[in-house]
Structure formats: C-alpha cells, structure tokens
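Both ligands and their constituent atoms are indexed starting at 1 by order of listing. Everything quoted here is computed from the prediction, not taken from an experiment.
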Amino acid sequence: MRSEFKPSLLALSCALALSACSQPQPQATAGSSGTDRAAAIWPQLTLPVVQDVAMEQRISAMLANMTLQQKVAQMIQPEIRDITVEDMRKYGFGSFLNGGGAFPNDNKHATPADWIALADAMYQASIDDSLDGSTIPTMWGTDAVHGHNNVIGATLFPHNIGLGAANNPALIEQIARVTAREVMVTGIDWVFAPTVAVVRDDRWGRTYEGYSEDPAIVHDYAAAIVTGLQGAADKDFLGDERVISTVKHFVGDGGTVGGDDQGDNIASEADLFRIHAQGYVGGLQAGAQSVMASFNSWQGSKIHGDKYLLTDVLKNRMGFDGFIVGDWNGHGQIPGCSNDNCPQAALAGLDIYMVPTQAWRPLYENLISQVEAGVIPLSRIDDAVRRILRVKLRAGLFDKPSPANRPLSGKTELIGSAEHRAVAREAVQQSLVLLKNNDNLLPLKPTQRILVTGEGADNIGMQSGGWTISWQGTGNTNSDFPGGSSIYAGIKQAVDAAGGKVELSGDGSYQQKPDVAVVVFGEQPYAEGNGDLDNLEYQRGNKTDLALLRKLQADGIKVVSLFISGRPLWVNPELNASDAFVAVWLPGSEGGGVADVIMAKADGSVNKDFHGKLSFSWPATPQQHANVADADYQPLLPYSFGLTYGQASTLSNSLNEQVAADNSLDALVLFERAVKPPYQLVLHSGDSSQTMDSSVAQLGNIAVRTFDNKVQEDARRLSFSGAAKVSLTSAFPADLRSYHEAGSALVVELQYSGNVPDSVLLGMNCAKNCAASINIASQLRALPDGQWHSLSVDLSCLAKQGADFSQIFTPLSVQTDGPLQLSFSDIRLVPAQAANASLRCQAE
Ligand code: BGC
Ligand code: BGC
C-alpha cells in the first residue's frame, strides 16, 4: 500500500540541505585504482542537495521489501509507442518516455488533456499493486529541449545555439522555469535537458543543441537551466511547478572526430574535463538529479559501458548521487551487447536503460537472469534502485497527487500563454547576431516598401528546426503552431502599423519594385544523425539562395539576409551578395522577435538594439573548425563578434568565394537516414501527389514507411500495389552540371523482395517538363532478392534520355506499374563513378 511509503516531515526538510540531518556524500572506495586515477583530474564537487539519513533508511526499507523483478523494472525505461498501460500495470516500470515525435494515441495533434490522461493512466497503473505488487510511482521523461516541443501550441524558445549568443543566464533560468510550467500542465515529471555539449566541430548535426564552443558559457548556463527547471536546491526544490532535469550527454558528445554523431572523442582526459565536462560541473552544483550517458565513445570506449567515467569519475569522484539514464538503446552499442541483452551497462554504472522498441521485454528478462546467475551483483542493482528511489523521493513523487491532480495539471491556458511567449520573444531579440550592416541599412524604416522573400520567410517550422513536434522537425506547417508567428508576420505587423508596404513573395518576384528586400533563408530542419555534414559550405552544389540574393541586387535592390541555421556555415558568397546579414539561428515559435530588432520605429529610431554575440566562431573556409583560444585562430568572424547599431560594418564585400583547392567535388547526398534538404519525398498515384511528412505515408497505389537498416529509421520501404511513382523533389531547380561533368553516377543502396515487374523506371525531372528515365527491371532481377545492394547509373545515360542537368527538380524518381516492394537506404551522386556504374553509357 502506498501509505507505508509516506516520507516523514523530517526527511523532507532534511532534503533541503539542513546540515544537521546530512550525512556525508558517498566517497570513493579507498584505494580503488579508478578513483585514484580520477582524483588527478576531476574535482570532488560540493553538491547542494545532501543525503538525508531518514530518507536513506526509508529507501533501505523499501529495497528490503522489493522483489528482484520489481527492482529491475525500476531500471527499465520503455517508450510510449511500445508499451501499453496494461504493461505498466503488469511490470511497474520505474519510468517511461516519449521519443521525439511520439504522442499520446500516436496523434500529433494530441491535446494537453490527452497527455494528462496518458500520464495519469500510467501513474495509476504503476502504483496499482494488483499485478506486480509494486506501489512505486512511475515517472515520465520527455525531450522538452526548447520549450515543451512535442506539444502543439507550446511556447518554443530559440534553440540553445541562439541562447548562447544571448549570453544571459538570468534569462535562461526564466526560460527553463517557463518550460517546467508548460511541462507540468501535461502531467510530466522529468525533462531530458539541458544538453551541455561543448561543440568543437560544427559539422555535427546537433551543434544547435549546444550553447557554445566555449566551456564558460556552458558551465554557467547548465546551472541556470537546472535551477530554472528544478528550482533552487534551497528554495522550491522540485516543487509543484518544477520538473527533474537531466544534464546530457555525458560526456564529450560535442568533441567527436569529424563532428560525427555518436562518434569517438579522442581528447586527453584533462581536456575531457576542462572543455567537455564543464556543463556537468555547473549542472551538478545546481542540483541536477539525473545525467544521461552519451552515445559517443571516449578514446574508443563507448560511454554506456565505461565504468571509469560513469562510476569512478561521475559518481564516486564528483559525488553525483542521482541516477544515470542511458540514451535511446545506447547500451546496445557497447561491444558484445545488443539492445535486448547488456549486463555490461549496469556493471559500468548505468542505472536506467532507455529501451524503446520491443527490446524492453527480453532486456528485462535477461537482466533478471543475469542477477540470478551472479553476472550482475545484487548490490549493483540495489545501488541503481536506491538512486532512482532517492530522486523520486526528492521530487516528492510519493506524496504528490496523481498527474491529473497536480496544481498545474490541465491549466491549458499556460501552454503558449502570452506571458510565456513574451519570454521567448525577448530571447529571440537577444539571440540575433548582426554580422554585416553596410551603410547602416538596418534598422529598416517601417514606412518603406519592403519585399520579404526566401523559403524561411513565412515558415515557422523552418525557423524552429529539429526537435519540434516531430523528431527531425520536418513535416510541420504554420498551422501546427497556433499562437506562434513567422518572421514575415512580425515584419508585416511593424510595417502595417507604421503605414509602409510589405509584399511577401515565394521566389523573389514582386509587383512593384521595393526599396529593400529581406531574404529569409537557411537550413531546413534536422536533428541527430541527419544533420551531420562533410564540410561547412552552405548549399554546396545547389546555390539557389545565392541566386536569389544576386538577382535582387542586380535589380538594384538592397538586400538584408536573415540566415536561419543551426550552426555557423561558410556563406562567403551569400555575405558578399548581402548589404546586411543577420544570424538568426533557430528562433522558435516567436518569429516576431526578429522584427522587434531589425525594424526601426516609425520615426526611424532604433526600437531594440542587437544584443547577441557569436558563441561559436564563424568559419573562413568550409573546412575550418576554429574555436576560440585555438593556437592558430583565424576565423572569418571571431567568438563574441556581433555588431550593434551605429557600429561600422567591417566585413568586406569581396570575401574569398573560392573554396580551398583541395576541396574537389564531394558526393552529393540525396538520402542518408533521411531525405536531404531541399528535397522531399513525394508519392504520386493517379493525378494526386503527397509529400511524406511522417514515418508512414500512403496514397492510392503506393505506401511508404520508415524502417531500420543499420541505424534507427535509416531506410524507406516503397510498397507499390499498382501504377504509382515516388520521387525526391525540390521546389527549386538545382544546377547539377558539375556532377555530370565530373563523370558521376547516381548510386542507390537498395533491396527488393518478391517479383519485379517488367517496367521499373528510374528517372530524373528537370525544368520545362523535361524528364528522363531508364528501365532498371533487368538490373534489379539480377540482384538476389532480399539483400542490400548498390545500384549505380551513369548520369550520361540520363543525359542521353534528355535530362537537362542545369535545372534538376527531381534528381530521382521510381515509377512502376507494380506490384513491387523496393527499399532504399542511401542515395547519392558520386563523382568519377560513371565508369564503374552498373548501368554505363559513356562509351557507347
Ligand atoms: C524516434 C524518435 C527518437 C529518436 C531517438 C527515433 O527513431 O522516432 O522518437 O527520439 O529515435 O534517437
Ligand atoms: C537523444 C537524446 C534524447 C533521446 C530521447 C536520443 O536519441 O540522443 O538526446 O533525449 O533520444 O528522445
């Protein structure tokens, strides 16, 4: 029964750091070689939430009454798409999560009431002792990484890179506080934030989740965010408007070789601490109760299995007494482990296995057997469960009413409230960095005639980036952001109020010649993995935005570029083609904050000045990875650069546009884990077509779904039941002549199963209805059924069929009369491969 777990008042007050009740933090086992080694580099931290004797006794009493099954269940964290409420009742999991783009009832438009209903059902099932006998409340963890970003209508803050530019810890604490409140409205207890990666190579697709390349900002921000989420350790700690926070991903995720996601960080131990661990120092000293282990390795060893870092360093040396949660099946990447079998992680010090997919079932069974067989000592399980229960007690989960009955639950008026949005809007204003401002073009007088154009102009999805409603942030339209504003909407409001004229144009054309053009362009949304780059050149091989800027300048129009991006990119040509240039990062739902700064008051005076300073160095070449304090530091614009109004613009108008000579044409990646921007996957059947914007899509004779080949969601399966077509298409044509000239082949990793119809046309589409295709049916049939293969087509074959490579809208389409099952996982144009292609034409 629950009542036996009621904490004493003494226990609660002791949790608030009354030294009289405290007992020493766990110390290193004397003489343990790991902890001795750690002592040379890692500090012993003074943590603000101290252990409390009565609480620890209470935990011991609970442990004494728990079965092994119940204990292991505390260590298993399944995902809402792979468990039911009945599973929760049966097993009593210690926690569960929703991954990015996972919603109650699989409904993207789930309401706050739906979120609360699921939270309450899971909670009730966990404390219901009818099946597993456990009465320990479960807890729900979610990625509220820039606001409560899985929930429609929530306030979305700028991604961390923009907050880093704002460099304002007090504002950051307020943002975290607002986030905690919106999360609490939906009955959720725990947030997987902040990310405290110190990003040293901006090719990493998670660069925008980092605040800075400099550990100092990350250290201070970690403390501010943790305090905002959890409350201060001595005041309102984990109170009714607060959530448990997670500093992630421990450790070194921002410093992998090549900026590879989930890659290897080879820093020395001293640098691992000095550069990459500063967010943990700040976060733990503010009382963070959980730490997420990272996917990456350190010097070749996967962190999920690294006992030295997890146990000796983090727990024993730094004194962390909360729990370590794993990342998404991250344990399965330890050599010798799989997602469903991995005693190594528990032995290394992992306390909670994040185990989405159905792997949780065998993992749970295996862990139990491994304890029974003595592979994992019971003492390690008891330690993990003690940590989990300690955090639950500190968070008051045993005393709080059920999620539906907590003070903020259901107060839907708080989600996206005006007060919360005002905080986000202020953050947007403070995050913008002015890189160039010839002749004080900015601020713009709102009484002028202004053209607003570019793909990002009226596009809240694009300005919000990844981790926005969906995992990768793709597939959103403005209607998915009720209450939010696009950058254009903010400009329009200012111009309308002042009596000027504003025209929105998709392609840069205009009814009447404007006085000035504001072009909003930049990166399409992406998240983990999909955002990794080979180099930092913007729109490599496909400079459609540059063409737009140049066209406007050629028309004699001054150009203001607003660059949406998750990282600094090499944009020398675009800078040259702009009279003013602002890095707006990923501002989130309050696009209006941009106009607050770039638009003057009606009388021409400054409304709000620029405040943001680069927290990342801006690269001088596509290959440069400059970080402040590097020995040979020669970025285009240094760390902490940012103009304010009235300051002279220093950037030349003729920056070097030549990419370095060693930078020969790289492969153009069209699909790698996801469709690469600007392309989208489009289904065509009969006269209709439809863009694929989630993990499944169906139109007439064609169904497409996401599935796993080597890593999560890296492949697409096309099921044709009759005549239909699937294409990778962009709204703007790309000039791919350099690929044709470089003797490239279109290379597709694919697999088919079952019959191959007589006609399977692989094609390309270009402007003015030009199209070219080739029947690959016989090549397919020559490959063994069910196995992955690489099929390559010499681009000259398509040229012979009429492809005009100067204007390609669709670099790949597959059309058949069906039925056909065809999957692909990788598509690229690879220079100098034509001669080796499966289908060759050059010699003919
Ligand atoms: C899931 C996301 C999840 C991500 C984590 C994806 O396969 O769809 O929900 O957040 O993996 O890596
Ligand atoms: C990410 C984490 C995230 C988790 C749950 C992982 O793939 O690396 O940052 O918290 O998924 O969605």
**Request:** Output the list of atoms in ligand 2 that are nearer than 4.0 Å to some heavy atom of Arg206, sorted by atom number.
**Result:** 1 (C), 2 (C), 8 (O), 9 (O)
**Prompt:** Is the centre of the His304 ring less than 6.0 Å from the centre of the His331 ring?
**Reply:** no
**Message:** As a test of understanding, state which of Trp585, Phe616, Tyr526 forms a ring pair (Phe, Tyr, Trp, His ring centres under 6.0 Å) with Tyr208.
**Reply:** Tyr526
**Message:** Could you tell me, atom by atom, which parts of ligand 2 come under 4.0 Å of a heavy atom of Lys248?
**Reply:** 2 (C), 3 (C), 9 (O), 10 (O)
**Request:** Pick one of side chain, backbone, both or neither for how Glu209 approaches ligand 2, counting any non-hydrogen atom pair under 4.0 Å.
**Result:** neither
**Asked** Counting N and O atoms only, with roles assigned by atom type, does the side chain of Ser409 sit under 3.5 Å from a partner on the main chain of Thr186, one being a donor and the other an acceptor?
**Response** no
Between ligand 1 and the protein, which N/O pairs fall short of 3.5 Å?
| unit_1 | atom_1 | unit_2 | atom_2 | d |
| --- | --- | --- | --- | --- |
| ligand 1 | 7 (O) | Glu713 | OE2 | 3.1 |
| ligand 1 | 8 (O) | Arg81 | NH2 | 3.4 |
| ligand 1 | 8 (O) | Glu713 | OE2 | 2.9 |
| ligand 1 | 9 (O) | Arg81 | NH2 | 2.6 |
| ligand 1 | 9 (O) | Gly100 | N | 3.0 |
| ligand 1 | 9 (O) | Gly100 | O | 2.5 |
| ligand 1 | 10 (O) | Gly100 | N | 2.8 |
| ligand 1 | 11 (O) | Trp328 | NE1 | 3.4 |
| ligand 1 | 11 (O) | Gln712 | NE2 | 3.4 |
| ligand 1 | 12 (O) | Glu528 | OE2 | 3.3 |
| ligand 1 | 12 (O) | Gln712 | NE2 | 2.5 |

**Message:** Please list, in number order, the atoms of ligand 2 under 4.0 Å from a heavy atom of His249.
**Reply:** 2 (C), 8 (O), 9 (O)
**Prompt:** Can you tell me if Trp471 and Glu713 form a side-chain donor-acceptor pair at under 3.5 Å?
**Reply:** no
**Prompt:** At their closest point, which heavy atom of Asn478 faces which heavy atom of Ile460, and how far apart are they?
**Reply:** OD1-N, 2.8 Å
**Prompt:** Under a 4.5 Å cut-off applied to non-hydrogen side-chain atoms, are Asn265 and Ser297 in contact?
**Reply:** no
**Complete:** Heavy-atom nearest pair, Glu79 first then Ala102, reads OE2-CB, 3.2 Å
**Message:** Does any part of the side chain of Lys392, heavy atoms only, come nearer than 4.5 Å to the side chain of Gln74, both counted from C-beta?
**Reply:** yes
